[in-house]
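The next block holds one structure in the form of structure tokens; read it before the comments.
For reference, positions follow the sequence shown, starting with 1. Ligands are counted one by one from 1 in listed order, and the atoms in each one are counted from 1 as well.
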Amino acid sequence: MITETNSAVTETLLYHEQTKHHFHRYARSAGFLDWANQPNPFRSYEGVTPVRLPLLQKDPASEHLALYERSRNAFQHFTRETIGAFLELSLGLSAWKSIPGNSWALRVNPSSGNLHPTEAYLILPTLPGVTAGVFHYNSYLHALEPRAEVPETLWPQIKEHLHTDGFFVALTSIFWREAWKYGERAFRYGQHDVGHALAALSFAANLLGWKVTWLNAVSDEEIAMLLGFNQTQWPEFEWEHPELLCFVHRSGEQRIPRDLPSEIVSEFSGLKFQGTPNQLSADHVDWEIISRVAEATANVGQASSLPPELAGKVSASHFQTDSNTTLPFYTPTAESGIPAAQIIRQRRSAVAFDGITSITKNQFCAMLDKTLPRAECAPFDLGLTAPCVHLLLFVHRVTGLEPGLYFLLRAERDLPALQQQCHRHFLWRPVDEALPLYLLQAGDFQSTASSVSCQQSIAGDSAFSLGMIARFREELETAPYRYRHLFWETGMIGQVLYLEAEAQGVRATGIGCFFDDPVHELMGLPDDAFQSLYHFTVGGPREDTRLATLAAYHHLKALAH
Ligand SMILES: Cc1cc2nc3c(=O)[nH]c(=O)nc-3n(C[C@H](O)[C@H](O)[C@H](O)COP(=O)(O)O)c2cc1C
């Protein structure tokens, strides 16, 4: 019997197979860049008056480890200023780059091809300087675009349900932005970007003494209702797909429910939404497999509503997510001298690596260590399920470690299956007492790493690169929407690595373009029980000196005049 879940699993697996890059054939895309129709990276709503948010005059003084450890950050009240700081340090602009005749903005959160499919919305109670409402965040203006007023009478009900004060943040994707360049594989990239944005939100919140909790039991349809999407006139092919809803609250508040009662959600359908989304491109190509996989992987609200501290519980000490215990960070190089906000602001992707710079084993381990979930630490305590993603590491230039293929195990339960399925000659030799890190095979993997990463030399010229290996088939069979969550987990790990690279004085780059099955063959994986979903590289960057850099919000001064 074909059930709805079965056919959604089939559809999702089909999408995944069809969008693999192979040595002899890339996933389907236009094959050229239609510059005339390049999507505008900034969504704005016409017909509304934006509420400008102040830019930080002075960054929080927090140190590097305050990004992670909640205990280091004092609670700041929810105000227009602190909401501005939260967005500036998560989804705001970080700089402009220019060459004669062309300039483009970079953001705190990275995005494949700098196309930025992820949009953010806030649902705020009345705060000093803001009236309660549903808002779109316009990062170009650093402003909130009001879409609807939320009646004061609704907030006591919301607070009663969630037991505490706070506000909502929702993320959505405009698939077209990525599909313009990447065609059918674009859905994957959009999901990576959601993961990066989610981690960026969690870090920025933490610096303000706030915590982001993902409300996993709120369905995509409910998110659309909360954001007034059924009252929105989307330009054709430029609709936004609801991804997730989070509640932002004071750190330390435990047991936030993960759902919203239908009586609250349905109140939003009665609100009057205003504003018309801007047109991003004049012409489009319909990659209809993307709409199909989006539908197949929709969260229809069956996700468990366990509180986050219970949802991610696994037994072994390395993977402790129990709220009473926290693993110490890897010493002695856990902490960098660069302040937290500076690390956030200076994050960039390296476009090339020097092929020379090495890092020490301590630095390497300190970076990897931050990708392990910990209780009371951002960003992995926001309530994804138990970790499903591991790191297959290509170590090129790490003093104190012989070059070779290594494995960081992020969830102990997968070790027997991995050992059984990978090549017999892999050593699985532990290399550090404090980290679940194993040597699989010694050797020079520079050219292999580049070759499986779509021949990109950034994967071989770095200090190390990696493939993120996810427990796959079983997760999808449990629920097809897990497909999206696996990509979010990889994006979150990526965001940690971006920041850790900066903290350790090197630089990173996300790699969405890799040859899927050759990675699996390299490991000896026979089927889709595990799949590589994202690649990454970290090392000494080679700067492109042709580019000029301008301050993030210099254009606002020009607008003001
Ligand atoms: C999901 C994802 C995939 C990416 N894939 C690649 C890649 O395959 N090759 C590459 O050179 N850069 C890649 N990048 C880096 C982006 O091009 C970069 O983030 C973007 O240009 C914005 O620049 P910034 O990171 O310096 O802000 C990727 C980034 C992300 C987030």
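- Annotation for ligand 1: atoms under 4.0 Å from non-hydrogen atoms of Ile511 are 5 (N), 6 (C), 7 (C), 8 (O).
- Of all atoms in ligand 1, listed by their number and element, those nearer than 4.0 Å to a heavy atom of Leu106 are 23 (O), 27 (O).
- Proximity to Cys513 (heavy-atom distance under 4.0 Å) selects the following atoms of ligand 1: 8 (O).
- Note: Phe364 and Tyr406 have perpendicular aromatic rings, judged against thresholds of 30 and 60 degrees for the angle between ring planes.
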Go through Ser29 and Lys181 one step at a time and tell me if the side-chain hydrogen bond (donor to acceptor under 3.5 Å, both in side chains) criterion holds. CA-CA 7 Å; Ser29 69; Lys181 180 168 181 187; over 6 Å; no

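- A salt bridge does not link Arg188 with Asp193: none of the charged nitrogens is closer than 4.0 Å to a carboxylate oxygen.
- Residue Tyr189 places no N or O, backbone or side chain, under 3.5 Å from any N or O of ligand 1.
- Here's the thing with Ser349: one of its N/O atoms is less than 3.5 angstrom from an N/O atom of ligand 1.
- When only modelled atom types and interatomic distance are considered, Asn138 and Ser44 share no side-chain donor-acceptor pair under 3.5 Å.
- Here Val351 has no heavy atoms under 4.0 Å from ligand 1, in either its backbone or its side chain.
- Against a heavy-atom cut-off of under 4.0 Å, His192 is close to the following atoms of ligand 1: 1 (C).
- With hydrogens left out, the protein atom closest to atom 20 (C) of ligand 1 is Ser111 O, 3.2 Å, a heavy atom.
- Scanning the protein for heavy atoms near atom 22 (C) of ligand 1, the closest one is Asn114 OD1, 3.5 Å.
- Counting only heavy atoms of the protein, atom 14 (N) of ligand 1 lies nearest to Gly510 O, 3.0 Å.
- Here is the list of ligand 1 atoms found below 4.0 Å of a heavy atom in Asp193: 1 (C), 31 (C).
- Scanning the protein heavy atoms around atom 5 (N) of ligand 1, the nearest turns out to be Gly512 N, 2.9 Å.
- Listed by number with element, the atoms of ligand 1 under 4.0 Å from a non-hydrogen atom of His196 are 31 (C).
- Between Arg177 and Glu238 there is no salt bridge, since no side-chain N of the basic residue sits under 4.0 Å from a carboxylate O of the acidic one.
- Arg473 has no carboxylate O lying under 4.0 Å from a charged side-chain N of Asp527, or vice versa, which leaves the two without a salt bridge.
- We find that Lys370 and Glu500 are joined by a salt bridge, their nearest charged nitrogen and carboxylate oxygen being less than 4.0 Å apart.
- In terms of protein heavy atoms, atom 17 (O) of ligand 1 is closest to Gly113 N, 3.5 Å.
- Ring geometry for Tyr553 versus His142: interplanar angle of 30 to 60°, hence tilted.
- At least one heavy atom of Tyr534 sits less than 4.0 Å from an atom of ligand 1.
- Within a 6.0 Å radius of CD in Glu295, other residues, nucleotides and ligands contribute 12 heavy atoms or fewer.
- In terms of protein heavy-atom proximity, atom 27 (O) of ligand 1 is nearest to Arg347 NH2, 2.8 Å.
- Nearest protein heavy-atom contact of atom 10 (C) of ligand 1 is Gln456 OE1, 3.6 Å.
- A donor-acceptor contact closer than 3.5 angstrom links the side chains of Glu243 and Gln191.
- Here the side chain of Thr537 pairs a donor or acceptor atom with the backbone of Ile458 at under 3.5 angstrom.
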